[in-house]
Peer 1: 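I'd like to ask some things about the structure below.
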Amino acid sequence: MENRNDILNELNELSPLLAGISREPLFTVPDGYFDQLPFEILSAVHSGNSLNSASVPEGYFETLADNIMARIRAGEKDDPVKEISELSPLLSGIQQPKHPYTVPAAYFETLENNIKGSVHQPAARVVSLTRFSRVARYAAAAMITGLACFGVYRYTQKPATINAVTVATLDPSIEKGKNMSEQQFNEALSSLSEEDIARYIEKTGDETDLAALASNVEENTLPNQDDYFTDEQALEKYISEIEQKNTLSN
Amino acid sequence: MAQAFPDDKELLYQFRDPSTKERGFTAIIRKYQEKLYWHIRRMVVDHEDANDVLQNMFIKVWNGLENFREESQLFTWLYRIATNESLSFLEQQKKRSAVSMNDVENGLSSRLKADKDFDSNKIEWKLQLAMQQLPEKQRIVFNLRYYDEMPYEEMSRVLETSQGALKASYHHAVKKIEDFILNH
C-alpha cells in the first residue's frame with residue numbers, strides 16, 4: 001500500500017505548484033452539523049420523505065423575490081458621501097462645515113441651564129388672556145355682528161319691526177346711526193376702539209347676554225385672536241362673511 | 001477630543017428614575033444639542049428663532065419622554081420633534097404675516113442677505129440661498145442627507161416617508177440647488 005509520503009512525492013513530481021497549495025478546507029459547516037446529521041437522516045427515513053425531495057417550504061416562492069431584494073438592498077451600502085459626489089461634485093466639494101452661520105460665544109455652554117429654567121417655569125411661556133381681553137373678544141364679535149346686521153339692514157332698506165321698548169333702550173349712538181349715510185356709518189364703525197366696544201357691552205349687556213352671544217358664536221369660526229387684533233384683513237374678511245350669510249338668509 | 005456620552009438606553013434609564021431625572025435630561029441636552037440646533041437653524045436661518053425652537057423642542061422632550069415607547073431610536077424621535085417644531089414655527093410665521101409660504105421663504109432669503117457676514121460671492125452663502133428656494137419638506141430632506149449624512153432608512157423613520165420618495169426628493173433637490181448656484 002502506498003503511504004502518504006509516496007503520494008505527496010508523486011504529486012511533487014507531477015506538479016510542484018499543486019503540491020505547494022495548502023489543503024486546509026475553505027468551506028465551513030454550521031456548528032454541530034455533523035452531530036445532528038444522523039438524527040435528521042433517521043427522521044427523514046422514518047417519515048418516508050426522501051432526502052432529495054423536491055418539496056419546498058410553504059410560501060417559499062411567494063416571498064422569494066422580496067427576500068432577494070431585501071438582501072440586495074442590505075448589501076448596497078448607504079453612502080451619503082459617495083452619493084453626493086456622484087450627484088454633484090460642486091456641492092460635494094464645498095468645505096466643511098458647508099454653511100456660513102455662526103453662534104454667539106458660549107451659546108451651547110449656557111443652553112442647558114436656559115432650557116432647565118424654562119422647564120421648571122412652564123407658565124412663563126403661556127400667554128394668558130386677561131378677563132378684560134376675553135370680554136372684549138366676545139364683545140367685539142357681538143358688537144360687530146350686531147352692527148354688521150344693522151349695516152345690512154341699512155343697505156337693503158328692509159323695514160324692521162322695532163319694539164317700542166327696544167327703541168327706548170337703544171344707545172343714542174345707534175339712534176344716530178339710523179340717520180347716517182352708509183359712508184358715515186362705515187367711518188363711525190371703523191373709529192370704534194376696543195374700549196368703546198367693551199364699555200358698550202358692560203353698559204348694555206350682562207353675563208346672561210354674553211353667555212347667549214358666546215353660545216351663538218362658534219369659537220372656531222372666529223379668526224385667530226392674534227390675527228383678529230393685529231390683522232385688519234382678517235377682521236374685514238370676517239365681517240364680509242357675516243354680511244354674506246345674513247344677505248343669503250334674508 | 002469628542003466628549004463621550006452614555007448610550008441612549010442609559011440616558012433613558014436615568015431620565016425615568018425620579019432621583020436622576022434631571023441628570024439624564026441634562027445629558028440628553030448635552031449629547032444632542034448641537035446636532036439638533038444646526039438642523040433647526042438651517043430651517044429657520046435666524047439664531048434667535050433657532051434658539052426659541054430648540055428650547056421649545058426640549059421642553060416638549062421633558063414633558064413627553066416619559067411616554068417614549070422606544071419603537072425608534074431616541075435620536076430619531078428627537079429629530080422628528082425638532083423637524084415638526086421647525087415646520088410649526090415657519091407655519092406660524094406665515095399666519096402672523098398673512099403671506100404665502102413663498103413670501104416666508106423669500107423673507108428667509110432676505111434674512112440671509114441681511115446677515116453681517118453675508119457674501120454673495122461665497123459658495124456657502126449661495127448654497128443657503130439656494131436651499132431657501134426649496135419647498136420646506138424637501139429642504140429638510142436635503143439638510144438631513146447633505147449635512148447630517150443620515151441614512152435613508154433612518155430618515156424614513158424621522159419623516160415617516162418611504163425611502164424611495166426621500167431618495168427621489170434628495171436627488172431632485174441637489175439638481176435644483178446646483179442649477180441655482182451655477183446661475184447666480
Peer 1: Going by an N to O cut-off under 4.0 Å, is there a salt bridge joining B:Glu124 and A:Lys98?
Peer 2: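 Salt bridge flag = no for A:Lys98 with B:Glu124.
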Peer 1: For B:His171, is it the side chain, the backbone, both or neither that has a heavy atom under 4.5 Å from a heavy atom of chain A?
Peer 2: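 Both backbone and side chain of B:His171 come within 4.5 Å of chain A.
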Peer 1: Can you tell if the side chain of B:Leu90 reaches within under 4.5 Å of the side chain of B:Gln93, non-hydrogen atoms only?
Peer 2: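 They are in side-chain contact.
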Peer 1: Tell me, side chain or backbone of A:Lys116 under 4.5 Å from chain B's heavy atoms, or both, or neither?
Peer 2: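 Side chain only.
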Peer 1: Please lay out, stage by stage, how B:Tyr37 and A:Tyr107 fare under the test ring pair (Phe, Tyr, Trp, His ring centres under 6.0 Å).
Peer 2: CA-CA 11 Å; B:Tyr37 169 84; A:Tyr107 171 70; 5.2 Å; yes
Peer 1: Look at the rings of B:Phe25 and B:Phe58 and say which category their plane angle falls in: under 30° parallel, 30 to 60° tilted, over 60° perpendicular.
Peer 2: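 Because their plane-to-plane angle is over 60°, the rings of B:Phe25 and B:Phe58 count as perpendicular.
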Peer 1: Which atoms of A:Asp79 are under 4.5 Å from chain B, going by heavy atoms: the side chain, the backbone, both sets, or neither?
Peer 2: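 Contact with chain B involves the backbone of A:Asp79 alone.
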Peer 1: Would B:Asp148 and B:Arg42 pass as an ion pair if we require N to O under 4.0 Å?
Peer 2: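 The answer is yes: the pair qualifies as a salt bridge.
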Peer 1: Go through the atoms of B:Lys167 and report whether side chain, backbone, both or neither lie under 4.5 Å from a heavy atom of chain A.
Peer 2: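 Just the side chain, heavy atoms under 4.5 Å.
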Peer 1: For B:Lys175, is it the side chain, the backbone, both, or neither that has a heavy atom closer than 4.5 Å to a heavy atom of chain A?
Peer 2: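 Contact with chain A involves the side chain of B:Lys175 alone.
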Peer 1: So which of B:Glu149, B:Arg145, B:Gln55 has the largest heavy-atom pair count under 4.5 angstrom toward chain A?
Peer 2: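 Top count of heavy-atom pairs under 4.5 Å with chain A: B:Arg145.
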Peer 1: Among B:Glu22, B:Gln33, B:Glu153, which residue has the highest count of heavy-atom pairs closer than 4.5 Å to chain A?
Peer 2: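 Max contact count across the listed options: B:Gln33.
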